[in-house]
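Here the structure is a predicted model, which is why all the values come from computation and not from measurement.
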Amino acid sequence: MVEQECRSVGPKEPRVRPEPPVLSVVVHGDNVQDHLPALLGSLDAHPLPGTEVVVAAVGGWAREAAEEHAPAFTVLPLPDGTGGAAARAAGAARATGRWLHFVHAKDGLPPGGPHAVAERAAGLPDQVDVLLFDHVRSTWRATGLPSPDGPRLARAGRAALTLDDGVGLLGLSPLLGNRAVRAAFWRAHEELLTTDDEEFAARAALLLADRVACLPHPALEDRGLRPESLPGVPPERHGAVIDRYERLLGLAAGRPAVHGAVYGAVYDLMLRDCLRTFARSAMPEHAAREFFRRASAAARRHRPEGHTHPAGFEGVRRALLEEGAYTRYRALQSANRARREVRSALRTGRRHAVTRLRDQGYRRALARPVDPGLAVFSAYWARGVACNPAAVAAKLAELAPHVHPVWTVSADNAALLPPGTDHVVPGTPRYWEVLARARYLVNNVNFPDAVVKRPDAIHLQTHHGTPLKRMGLDQMPYPAAARGLDFAALMERVDKWDYSVSANSHSTRMWQRAYPSRWVPLDHGYPRNDVFHTAGADEVRAARERLGIAPGRRAVLYAPTHRDYEAGWTPRLDLAALADRLGEDTVLLVRAHYFYDGATSPTTGLRRTGRIVDVSSYDPVEELCLAADALVTDYSSIMFDYANLDRPIVIHADDWETYRTTRGVYFDLMAEAPGPVARTQEELTELLAGDAWRDERAEKRRAAFRRRFCEFDDGRAAERVVRRVFLGEDEASLPPVVPLADRTPAPRPEEVA
């Protein structure tokens, strides 16, 4: 009876199968040198929307490490000795994602890597079989080293392309971990791709793909194990590189031929890698001769018709290999080795001589007394008179004319200096002399490591922005941001600071966290922002006239920041379309790291009409802010400076999640933005075409932002800094910070038209 009642309760609803994840991260292998726990811990510590993790754990140690993360991850225990190909195949068989990313257990994943890959993969058309992305490299000595692949990936762009149209992609580092493959594609070619030769599988996937796409973002940490910890390669195994390329050439020959570039590129890679193996492997003489003979035979057998070698030494090496000229090749090696040794000795001798001369002159200058009337200024790595140092120098001339300023400026930028500017070029004898004798050293970055901190010299660090992104030591967990940075050397430079300038309490706290040392915080405001409170109608009008902005036209300053996870700057907006939608009455002032190239630019016609103005090299940037009716930016610190003008700010944050997780941030900009936020170009266009960019809600957000981040910027920051640092006045005697409500920003453009 109970059973019948249970059966009578309504019809069963059909079970809805969950949507498969976009990406399956397949971690495979044994726990080499105990690297696996860190990899799995990093995956478990960050949310992975649209992503699953399958761990094909080889051996008991790997299984124990993986099971600590169950059931969040699918754990597939495999017996000791399971090879790489078998482990990958087992993991792929359990994966349910539409895309597969194979990650060896020894490697790592930068924060945000899986999310960036899944996000990019989700938007790719079905014809794309392989997604290529950047990686960082780590060794037992260093972590987060940049790969050589970034520029090539950036040049490929975001559009899907065939290998014939992107043949240079064959030259990317042949790692399975720096590419994701469509699961259906992998299974269609699994028999061929399931091999212990990962380099073959990585390049074969490209040769088999219908189309590929690129992501110039580090989504793998390739951890190179210490060579001394690895088993040696038997001499007979060196020939595997020849076997690999003969198989790859077979695949290249079987492709539908658009032109012969793909086959030729694989052939060139074969010659390069065979010669590298021959040069770098310690083979006995008999094994070396046999390897050279086999490589030579393969080179002749597969040489494309009409193929030419590169010029110079590399071309000679390849020609000798094709000829099988073993004896002549060995003689060339010996001669080249001797030549390198001679050149190295000469270079070392010259370098030591130059260093000795520099050190002798610098030491002599350091032995002389400090000049109390000498100040050295520098900005942006000797770019010129700019930023906070420029504003301090200008106020110094007014309040302390007895202090003589000398600017460090690169030779290329010296011609751009204001007339009469006393300057030195880095590396010259006078450069080291003034650095040794100056009482004051002012910079918005850092002086060279070789600069000695004299007890009676004062180093003033002005910085060049309010930090949204992680800085200093806080960058260490973020490989995309930390690559190439020497943190020990950085802290030695920080220890030379006496004062650190802040525009707000937030900056002071973040500098103390990112640059912990004994410097004194100066909560005086950013001197470069004084102009936003001292400029009047004439200055605003003059700035617009210099930029060619006619009265009555709206000027929107678009100033994006760069991404550490991209090798180069990629425009994130279709500026031509934006200008077209906003109409004739709007001028876009575009300040970017890169702009469309001259005659090939789709905005050339719009530039001629004055609707787009490239201001990427325009200085000072403060004039651009004075001229603009509104600012559009993403994560650039210009938003904190522009907020002083109390003019509309719009945030275009199409990649906020990726930026936040790869670069690291100090607060959630989406929750504390200085104005409306657009996540797409269409949203941005609608904001600017209507009134939302300047409505009541936008004003409220800007007001809250200004209260927090314009705390000390009142138009007298430079005066406070000069009086405190150069004149030695007590802080209590400095001009007090004017309350925000009592400040009068420079007039808006519509007020001076």
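Remark: side-chain polar atoms of S147 are not paired, donor with acceptor, to backbone N or O of V136 under 3.5 angstrom. Under the 3.5 Å distance criterion, the side-chain polar atoms of R318 are left unmatched by any main-chain donor or acceptor of A299. At distances below 3.5 Å, at least one donor-acceptor pair connects side-chain atoms of S281 with backbone N or O atoms of T277. Under the 3.5 Å distance criterion, the side-chain polar atoms of N178 are matched with a main-chain donor or acceptor of S173. The backbone N or O of G224 sits nowhere less than 3.5 Å from a side-chain atom of R137 that would complete a donor-acceptor pair. A donor-acceptor pair under 3.5 Å is absent between the side-chain atoms of T661 and the main chain of P111, judged by distance alone. R211 places no side-chain N or O within 3.5 Å of a backbone atom of A160 that could act as its donor or acceptor partner.
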Practice task
For L131 and V212, run side chain to side chain contact (heavy atoms under 4.5 Å, CB included): C-alpha distance rounded to whole Å, both residues' side-chain angles, the deciding distance at 0.1 Å, then the answer.
Solution key: CA-CA 6 Å; L131 172 61; V212 300; over 6 Å; no
Practice task
Step by step, work out the side chain to side chain contact (heavy atoms under 4.5 Å, CB included) result for L578 and D574.
Solution key: CA-CA 6 Å; L578 180 61; D574 184 337; over 6 Å; no
Exercise for the section: Go through the steps for V262 and R255 under the test side chain to side chain contact (heavy atoms under 4.5 Å, CB included), then give the verdict. Expected result: CA-CA 9 Å; V262 171; R255 288 174 51 85; 3.8 Å; yes
Exercise for the section: Starting from the C-alpha separation in whole Å, work towards a yes-or-no answer on salt bridge (charged side-chain N to carboxylate O under 4.0 Å, His left out) for D614 and R591. Expected result: CA-CA 6 Å; D614 180 5; R591 187 175 181 85; over 6 Å; no
Problem - Worked verdict on L684 versus V632 for side chain to side chain contact (heavy atoms under 4.5 Å, CB included) - result: CA-CA 9 Å; L684 176 64; V632 174; 4.1 Å; yes
Exercise for the section: Apply salt bridge (charged side-chain N to carboxylate O under 4.0 Å, His left out) to R563 and D655, showing your working. Expected result: CA-CA 10 Å; R563 273 78 170 153; D655 63 338; 3.0 Å; yes
Exercise for the section: Give the intermediate values and the outcome of side-chain hydrogen bond (donor to acceptor under 3.5 Å, both in side chains) for residues H302 and E246. Expected result: CA-CA 8 Å; H302 298 288; E246 292 205 286; 2.7 Å; yes
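Taking the side chain as every heavy atom from C-beta outward, Y329 and V316 never approach each other to under 4.5 Å. Contact of the V27 side chain with the L43 side chain is registered, since non-hydrogen atoms from C-beta on lie closer than 4.5 Å. T74 places none of its side-chain heavy atoms less than 4.5 Å from the side chain of V55. The shortest side-chain heavy-atom distance between W99 and L124 falls under the 4.5 Å cut-off. Residues V266 and L170 are in side-chain contact: their nearest non-hydrogen atoms beyond the backbone lie under 4.5 Å apart. At least one side-chain heavy atom of L109 sits less than 4.5 Å from a side-chain heavy atom of V103. By the 4.5 Å heavy-atom criterion applied to side chains, Y635 and W656 are counted as neighbours. No side-chain heavy atom of F185 sits under 4.5 Å from any side-chain heavy atom of D210.
The distance from the CG atom of L573 to the OH atom of Y558 is 4.0 Å, given to the nearest 0.5 Å. A distance of 11.5 Å separates CZ in R152 from CG in D134, rounded to the nearest 0.5 Å. Here the straight-line distance linking atom CG of L271 with atom CD of E314 works out to 8.5 Å at 0.5 Å rounding. Here L169 contributes atom CG and R179 contributes atom CZ; the two are 9.0 Å apart, rounded to the nearest 0.5 Å. Summarising the geometry, atom NE2 belonging to H46 is positioned 10.5 Å from atom CG belonging to D44; distances are rounded to the nearest 0.5 Å. With values rounded to the nearest 0.5 angstrom, L132 atom CG is found 10.5 Å from R120 atom CZ.
Of all heavy-atom pairs spanning G91 and V54, the tightest one is O-CG1, 3.8 Å. In plain terms, the two heavy atoms of L193 and A201 that are nearest each other are O-CB, 3.6 Å. The heavy-atom pair separating D634 from T561 by the smallest distance is OD1-N, 2.9 Å. Across T633 and A559, no two heavy atoms sit closer than the pair OG1-O, 2.6 Å. Here the shortest heavy-atom pairing between D129 and D126 reads OD1-O, 4.4 Å. Shown here for A65 and N31, the closest heavy-atom pair between the two residues is CB-ND2, 4.5 Å.
Every side-chain contact (heavy atoms from CB on, under 4.5 Å) that E119 has, sequence neighbours left out, goes to H115, T658. In this structure, the side-chain contact (heavy atoms from CB on, under 4.5 Å) partners of P304, at least two apart in sequence or on a different chain, are Y263, Y267, H307. The ring-ring contact (aromatic ring centres under 6.0 Å, His included) search around F73 returns H69, not counting sequence neighbours.
The pair R293-E290 meets the salt-bridge criterion, since a charged nitrogen lies less than 4.0 angstrom from a carboxylate oxygen. At a threshold of 4.0 Å, the pair D222-K106 counts as salt-bridged, since one of the basic side-chain nitrogens sits closer than that to a carboxylate oxygen. With respect to the salt-bridge test (charged N to carboxylate O, under 4.0 angstrom), the residues R88 and E198 qualify. For R244 and D273, the salt-bridge test fails: no basic side-chain N is under 4.0 Å from an acidic carboxylate O. Using a 4.0 Å cut-off between a side-chain N of Lys or Arg and a carboxylate O of Asp or Glu, R294 and D243 qualify as a salt bridge. With respect to E19 and R98, a salt bridge is recorded, a charged nitrogen being found less than 4.0 Å from a carboxylate O.
With R203 as reference, L269 is the one residue of L208, L269, L172, L251 to meet the side-chain contact (heavy atoms from CB on, under 4.5 Å) rule. The side-chain contact (heavy atoms from CB on, under 4.5 Å) test with D654 is passed by exactly one of E683, R572, R679, Q681: R572.
For F133 and H101, the ring centers sit closer than 6.0 Å to each other.
Classification of the F291-F278 ring pair by plane angle, with boundaries at 30° and 60°, yields parallel. Ring geometry for W186 versus F102: interplanar angle of 30 to 60°, hence tilted.
Dense packing is recorded around CZ of R301, with more than 12 heavy atoms of other residues, nucleotides or ligands lying under 6.0 Å away.
Side-chain contact of E52 with T96: a donor-acceptor pair under 3.5 Å is present, judged by distance alone.
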